[in-house]
Amino acid sequence: MHRAPYRRRAAGRQQPRAAVRPAVRRLAQQRLRQPPQPALPPRQRSSAFTLRPTLRRVKRPITRCHRGRLVCTWLLLVLAIAGLGTRLFHLQIIQANMLQQRAEGQRRVPVTPLSARRPVVDRHDRVVAIDRQVYTLYAHPRLFPDSSSEALDDIAGKLAPILEQEASAIRSLLGSAETGVKLAEGLSRDAASQIREFYLDGLDLAQQPERFYPHAGALVSVLGYVNDDGEGHAGVEQTYQDRLVQPFEAAEIMLGGNGAAVSGAVPMALLQRDDLQLRLTVDSRLQHVASQALQAQVETFSATKGAVLVMDAHSGALRVMATTPTYDPNQFYAADPEQLKNWVLTDLYEPGSTFKPINVAIALEAGYLQPGDQVHDEGHIVIGEWPIENSDYDVAGSRGDISVSEVMQYSSNVGMVRIMQRLPREEYYQWLEKLGLPESTGVDLPLEATSILKSREQFTSSTVEAATTAFGQGFSLSPMHLMQLHGAIANGGNLVTPHVAEGLVDSRGIPQWQPQRPAPRRIFSAKTSQAVLAMMEDVVTLGTGKSAQIPGHRIGGKTGTAQKASATGGYSDSRVTSFISMLPADNPRYVVLVLVDEPQGSEAYGSTVAAPVAKQVMEALIVMEGLPRQPQ
Amino acid sequence: MPVIHRAVAPPAARQTSLPRARQSSRQRGSASLAGSTNLQVRGAVALAPHPEPIQPPAPRTPKPATAASVTPLSKRRLTQPTGLRLLIAAQRASLLGASVVTAAALALYGWTVYTQQQWSKQYSQFRSLQRYEQQLVTATGALEAQILQQPGAADSSESSSQLQVVSPDAIVELAPAPLQPSLPPPPPLSQTQVVPRPIGY
């Protein structure tokens with residue numbers, strides 16, 4: 001019965017339903033909410049239609065205003081739909097490719113390898129070069145949420161302690177450009193984490209691997225360094241560049257909605273990376289001992305530079321290659337360019353008396369000399385127009401007839417001239433060539449210089465050339481070459497190729513790759529080398545090498561004090577002191593060469609400058625290698 | 001084969017105008033009840049579990065059903081048509097298959113989601129382990145280098161240094177132990193039996 005007004009309205013007025021319906025609906029709802037009314041008598045019931053005036057208000061005719069409103073609403077809706085459609089078209093059709101690419105760019109993340117180069121370990125698998133992750137911090141001030149001056153000051157103040165820079169310097173950098181300002185590089189992971197905690201837009205941390213050398217400058221002559229482009233310079237970093245660079249195919253990984261990697265998109269090469277590392281023959285512990293001993297001696301004698309080489313006589317494996325001065329390969333850019341070269345390989349010098357055992361071996365091997373022979377030492381002779389005398393001629397004068405061993409003990413220049421005069425000069429030259437003098441050693445380090453020997457004509461035509469060569473002057477070779485020649489005496493006559501790299505080994509130490517090296521070449525017989533070794537042992541026991549004696553151990557050696565050639569020709573007053581030694585003397589395993597260039601002082605000789613360093617190195621070698629004591 | 005007997009329904013029941021299907025279903029329901037309880041209910045069908053036909057028990061009604069009034073149902077009316085049976089079997093099989101497939105699909109979906117999550121977790125763990133390994137190796141190398149760089153033999157008088165390179169004097173060499181008594185020598189060759197080589201070889 002409450003629906004009666006409804007019916008009446010529906011049956012009565014011919015009005016648009018749209019205009020009437022809301023009012024009617026309200027009314028109906030209102031009535032429905034009311035509790036049911038008791039049925040009224042017909043008369044009272046008619047009085048219930050007092051609502052009629054309300055309905056009448058709805059029934060007003062549509063005015064122009066209403067029509068305009070309707071049209072406006074319709075137009076607004078149509079425009080809105082058209083706008084949405086246009087935007088949809090723009091997004092889905094016109095910008096679709098660009099947006100897809102952008103989305104792909106966000107989903108695809110390039111996989112950066114943790115290390116670009118394989119680690120380098122010493123012979124005891126101590127890490128001597130390894131890649132580590134570092135971060136470069138870029139700032140884009142345009143993207144800062146607040147780029148006011150105070151905000152920039154605040155950012156600079158926050159970054160200063162982390163970057164270990166002055167806040168003012170960072171502030172001036174931030175003001176220098178709107179984007180792409182490099183604030184710091186080589187940041188550690190901790191520093192990067194601290195910067196990330198700022199959650200500041202406009203700071204960008206780029207991650208890249210960087211070569212790290214834990215031993216700093218101690219092994220730099222062996223290792224070299226890697227520049228910012230990932231190219232190895234000097235040392236094994238350059239020689240084995242191809243082997244050290246880890247093969248890596250540029251790969252991308254897909255990220256899911258939560259930022260985690262999605263499976264199936266990771267290149268297997270990334271997961272199955274090899275664990276190879278380059279193992280050196282060098283012993284970093286011994287290298288440190290040698291470096292410290294050398295450094296101390298160079299400082300004591302105010303020398304310009306020094307070097308210590310220790311080589312396994314039988315294999316040619318270098319156990320030590322220490323030089324001074326040195327530089328930190330972690331900061332190679334701060335080093336003096338002159339220091340970047342390895343002077344043990346690049347610089348030639350006249351070996352002086354340390355070459356005498358080689359000459360004696362040549363004479364013995366050629367058959368012009370017997371170990372028990374005697375030669376006449378006048379102390380001072382003149383060859384052609386050139387005077388030649390012993391270094392101790394002022395003190396010792398002429399020694400008369402002395403044995404070959406005594407020639408070595410006293411380091412007699414005249415005695416050596418007399419020995420080598422027994423060889424025809426042509427044959428002597430052939431022997432020098434056989435030793436590979438005008439060549440290089442073939443060591444696996446870059447920039448090795450080639451030894452310099454006079455031409456055959458010059459050598460054979462002049463008597464003084466052979467005479468000066470007899471006591472190690474008049475030709476030049478690198479310290480490495482001298483080491484190689486002495487290795488032949490130590491190992492029974494084989495010329496081995498010195499090397500610093502053993503090869504690539506996996507993480508379990510199993511060799512996976514070894515560089516090809518030329519086979520040892522025999523130049524002396526075992527008998528000759530034994531004879532020379534005995535003479536060298538006498539040098540340490542009785543002669544100039546006493547300062548290298550180690551009680552309980554048999555050591556052979558030879559001192560050398562060579563004049564340096566001056567730039568203007570002839571010889572200058574400066575000298576190179578050196579000491580070559582071998583142990584154990586009866587069957588040497590190791591050859592030790594110490595060179596100190598231009599030591600100052602009147603007492604600067606091979607026996608006083610270089611031999612004590614060699615002794616310290618040999619003591620460490622005995623301990624580390626466990627060489628047993630020997631009966632004297 | 002069980003033989004089915006139908007009790008003759010009382011006249012009132014027979015006069016009902018129930019549709020045949022409904023009627024038969026009611027009968028079937030009663031029959032199963034009667035078969036399971038082995039009770040004969042008036043107006044119902046009894047199922048005999050044994051090949052021998054069961055004599056209807058003594059009726060409790062005033063008008064007992066006679067043996068003549070029980071007529072066996074024709075097999076044809078009760079057995080379903082082959083096509084229907086096949087369809088029902090196919091429906092059941094497909095229902096079972098659909099259930100299995102649905103369960104398998106759900107399991108497969110769950111498995112893919114789970115393995116994906118696990119893979120992502122494992123991958124991030126793998127990467128972090130790689131980083132830790134690198135950091136550990138680097139830190140170990142740095143520590144070793146720091147120890148080795150301490151002044152040793154070159155400057156053992158350095159007060160800050162606690163380390164010293166061992167000199168050969170400090171080495172204790174132990175003489176090798178005497179050789180163990182060797183095993184008894186093998187019998188001389190002359191005593192060993194030499195197998196004569198056949199001429200033919």
Side-chain angles (χ1 to χ4, degrees), chain A residues 111 113-115 119 121 124 126-133 189 209 212-216 218-219 253 255-256 258-264 266 270-271 273 284-297 550-553 613 616-624 626-629, chain B residues 108-177:
Chain A
V111 182
L114 284 177
S115 59
V121 296
H124 295 299
R126 296 188 193 101
V127 174
V128 293
I130 190 168
D131 272 14
R132 64 175 175 183
Q133 294 294 307
R189 191 175 169 78
F212 172 58
Y213 301 94
H215 296 262
L219 282 152
I253 193 167
L255 295 185
N258 56 355
V262 179
S263 67
V266 179
L270 179 74
L271 302 175
R273 302 200 79 192
S284 58
R285 191 175 162 203
L286 191 61
Q287 176 96 6
H288 275 280
V289 173
S291 295
Q292 288 164 7
L294 180 68
Q295 183 65 37
Q297 198 74 334
I550 299 173
H553 293 272
V613 177
Q616 287 183 36
V617 173
M618 285 189 288
E619 281 178 338
L621 194 61
I622 287 166
V623 173
M624 290 175 197
L627 299 179
R629 286 194 183 90
Chain B
L108 191 68
Y109 174 73
W111 181 75
T112 54
V113 171
Y114 177 75
T115 50
Q116 178 61 63
Q117 281 179 351
Q118 287 298 306
W119 193 94
S120 298
K121 207 184 285 180
Q122 296 297 324
Y123 178 73
S124 69
Q125 193 184 0
F126 168 69
R127 291 289 283 183
S128 59
L129 280 176
Q130 273 187 327
R131 272 196 295 275
Y132 290 148
E133 182 200 17
Q134 196 184 45
Q135 286 176 11
L136 185 67
V137 173
T138 309
T140 309
L143 281 172
E144 278 181 344
Q146 202 172 359
I147 291 168
L148 291 177
Q149 279 165 2
Q150 302 248 345
D155 194 2
S156 56
S157 62
E158 187 82 22
S159 59
S160 65
S161 170
Q162 301 292 319
L163 304 173
Q164 193 175 0
V165 171
V166 181
S167 71
D169 302 336
I171 292 180
V172 177
E173 289 182 17
L174 298 176

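A, B, ... follow the sequence lines: proteins, then strands. Residue 1 opens every chain. Every heavy atom of this structure was used, including side-chain atoms; hydrogens, water molecules and symmetry mates were not.
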Do [X] and [Y] come within less than 4.5 Å of each other through their side chains, counting heavy atoms only?
X      : Y      : answer
A/S115 : A/I130 : no
A/P119 : B/V137 : no
B/E144 : A/P214 : no
A/H215 : A/Q287 : no

Measure distances from B/S124 to the heavy atoms of chain A and classify the residue's part below 4.5 Å as side chain, backbone, both or neither.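 For B/S124, no heavy atom lies under 4.5 Å from chain A.
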
Please look at B/Q135 and chain A and tell me whether the side chain, the backbone, both or neither of the residue comes under 4.5 angstrom of a heavy atom of that chain.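 For B/Q135, side-chain heavy atoms alone lie under 4.5 Å from chain A.
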
CZ/A/R285: more than 12 non-hydrogen atoms of other groups inside 6.0 Å: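 Not more than 12 within 6.0 Å, no.
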
So which part of [X] gets closer than 4.5 Å to some heavy atom of chain B, the side chain, the backbone, both or neither?
X      : answer
A/R189 : side chain
A/L219 : neither
A/A290 : neither

Which one, A/V613, A/D131, A/V128, leads in non-hydrogen pairs under 4.5 Å with chain B?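 Greatest number of close heavy-atom pairs with chain B: A/D131.
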
If you count heavy-atom pairs within less than 4.5 Å of chain B, which of A/R126, A/M624, A/Q297 leads?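 Of A/R126, A/M624, A/Q297, A/R126 has the most heavy-atom pairs under 4.5 Å with chain B.
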
Over 60° means perpendicular and under 30° means parallel, so classify the ring planes of B/F126 and B/Y123, tilted if in between.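 Rings of B/Y123 and B/F126: tilted, as their planes differ by 30° to 60°.
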
